[in-house]
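Chain letters run A, B, ... following the sequence lines, proteins first, then strands; residues in each count from 1.
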2 protein chains.
Amino acid sequence: MLKDETCPVSTALSIIGGKWRLQIIFQIGNEKRRFGELKRRIPTISEKMLIQELKNLTGAGILNRKAYNEIPPKVEYSLTEEGQKILPIIDQIKAFGTELMEKSNAGKANLGTSE
Amino acid sequence: MLKDETCPVSTALSIIGGKWRLQIIFQIGNEKRRFGELKRRIPTISEKMLIQELKNLTGAGILNRKAYNEIPPKVEYSLTEEGQKILPIIDQIKAFGTELMEKSNAGKANLGTSE
DNA sequence: TAGGGTGCTTACTAAAAAGTATGTAAAATT
DNA sequence: AATTTTACATACTTTTTAGTAAGCACCCTA
C-alpha cells in the first residue's frame, strides 16, 4: 500500500492506517502503558504485530518509548504531542461507528471486507 | 481483516478502511459523479477496484447509485446522508496529514508501510 | 461493418499485511 | 540448575487486498 507523497490524507493513513494502529493509540490514550499492559488490553493482537506497530509508531514520532534499565525489562509507551492529535480523530470515527451499529440493528447490509 | 462486531471503531473502519474508500468518498463529496468521472479524478485506481468499492459502499448505505436507462450507460453516484457524515472525518484526517507533512519537511522518520 | 463509448464482470496473478511458532537475554527466585 | 519474568527478534506460512488483462452488452457514428 504505497503512499502518495503529495496527499495529506494518504500521508495520515500511512500512520493511522492498518488493523492495529488506532487501537494501540486509543489504548495508550493519555497514559503511560507498558508493553505487557498493552498486550493484555488488546488480547487479540499478536506479539509480533504489537512490537512491530509500537516500533513503527515510535519511529514516526507518534509514541514515546521509555526503557528502564531493569531486569526483567520495563518499557513505557506514551503518546507524543503529535500522537495526541490522533485522539480526536478516533473519537469521531468511533461516533460514526456507533451510529452505524445503531442503524444496522434496523437491518442494513455491511461491506464485503468483513466477510 | 475481520471486524469485531462489538467495536464501533472497527465497525467504522470496515467501511472507511482500505486503500480507496476515503478517496472515493472525498471525490464524490456533495456532488453527483459519474463512473467515468470518478475514474478520471482518481487516475491511479484500477477499474476493478473502483467498481468493487462503489458496489461495497453502495451496499453499505454510503452511496446512492442512480442508473439512467440510456445507451451508452450513464450512472451517477452520490453520498447518502450516512455517507455525508464521513466528510468531516476526512477533513480531520486531512488536517492531521497536512501537519505531518509540514513537520516531515523538518526531517522526521515515516512508517514502514510506505516503503 | 468496423469501431467507439460506457459501465460492468470474471479469471488469474502479485503484493502486502497479518498470524504462528520459536528463540533470546539477564537477573531473581526456588 | 532449572524456572520465571519481560520485552523483543526472526523465519516461515497464511490470509487479505489489490492489480492485470480480457471480455460483454448496447446503440451510435463513420
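For the pair A:Asn64/A:Leu79, no side-chain contact is recorded, criterion being any heavy-atom separation below 4.5 Å from C-beta on. Between B:Trp20 and B:Leu50 the shortest side-chain heavy-atom distance does not fall below 4.5 Å. Counting only heavy atoms from C-beta outward, the side chains of A:Met101 and A:Thr98 never approach each other to under 4.5 Å. The side-chain heavy atoms of B:Thr80 and B:Thr58, taken from C-beta on, include no pair separated by under 4.5 Å.
Closest non-hydrogen pair, B:Ile15 versus B:Arg21, comes out as O-CD, 2.9 Å.
Between the C1' atom of C:dT6 and the CD atom of B:Glu76 lies a distance of 14 Å, rounded to the nearest Å. Distance B:Glu53 CD to C:dC8 C1': 15 Å, rounded to the nearest Å. If you take CH2 of A:Trp20 and C1' of D:dT15, they are 14 Å apart, rounded to a whole angstrom. If you measure from atom CG of B:Asn69 to atom C1' of C:dT6, you get 14 Å, rounded to the nearest angstrom. Computed from coordinates, the B:Gln52 CD to C:dG7 C1' distance equals 16 Å when rounded to whole Å. To the nearest angstrom, C1' of C:dC8 lies 14 Å from CG of B:Asn56. Computed from coordinates, the A:Tyr77 OH to D:dA7 P distance equals 8 Å when rounded to whole Å. We find that CG of A:Leu13 is positioned 15 Å from P of D:dT17, with the value rounded to whole Å.
DNA chain D lies under 4.0 Å from at least one heavy atom of each of the following residues of residues 32-51 of chain A: A:Arg34, A:Phe35, A:Gly36, A:Glu47, A:Lys48, A:Ile51.
By the side chain to side chain contact (heavy atoms under 4.5 Å, CB included) test, B:Ala67 is found to be paired with B:Arg65, B:Val75, residues two or more places apart in sequence or in another chain being considered.
Note that CD1 of A:Ile42 and CD1 of A:Ile24 are 5.0 Å apart. Values are rounded to the nearest 0.5 Å. For the atom pair CG (A:Leu22) and CG (A:Leu87), the distance works out to 10.0 Å, reported to the nearest 0.5 Å.
In this model, the phosphate group of C:dG7 is not approached by any side-chain N or O of B:Lys55 to a distance below 4.0 Å at OP1 or OP2.
Nucleic acid contact class of B:Tyr68 (heavy atoms, under 4.0 Å, all strands): none.
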Under 3.5 Å, N/O pairs linking protein and nucleotides 24-28 of chain D:
none

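Residue pairs meeting the salt bridge (charged side-chain N to carboxylate O under 4.0 Å, His left out) criterion with at least one member in residues 85-101 of chain B, sequence neighbours excluded, are A:Lys85-B:Glu99, A:Glu99-B:Lys85, B:Glu82-B:Lys85.
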Validation: residues 27-36 of chain A side-chain donor-acceptor distances under 3.5 Å, sequence neighbours left out:
residue: A:Gln27; atom: OE1; partner: A:Arg41; partner atom: NH1; Å: 3.1
residue: A:Arg33; atom: NE; partner: A:Gln27; partner atom: O; Å: 3.1
residue: A:Arg33; atom: NH1; partner: A:Glu37; partner atom: OE2; Å: 3.0
residue: A:Arg34; atom: NH2; partner: A:Pro73; partner atom: O; Å: 3.2

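Judged by distance alone, with hydrogens and angles left aside, the side-chain atoms of B:Ser10 form no donor-acceptor pair with the main-chain N or O of B:Leu13 at under 3.5 Å.
Across its full length, the helix from C:dT1-D:dA30 to C:dT30-D:dA1 shows an angle of 30° between the axes of its 5 terminal pairs at either end, rounded to 10 degrees.
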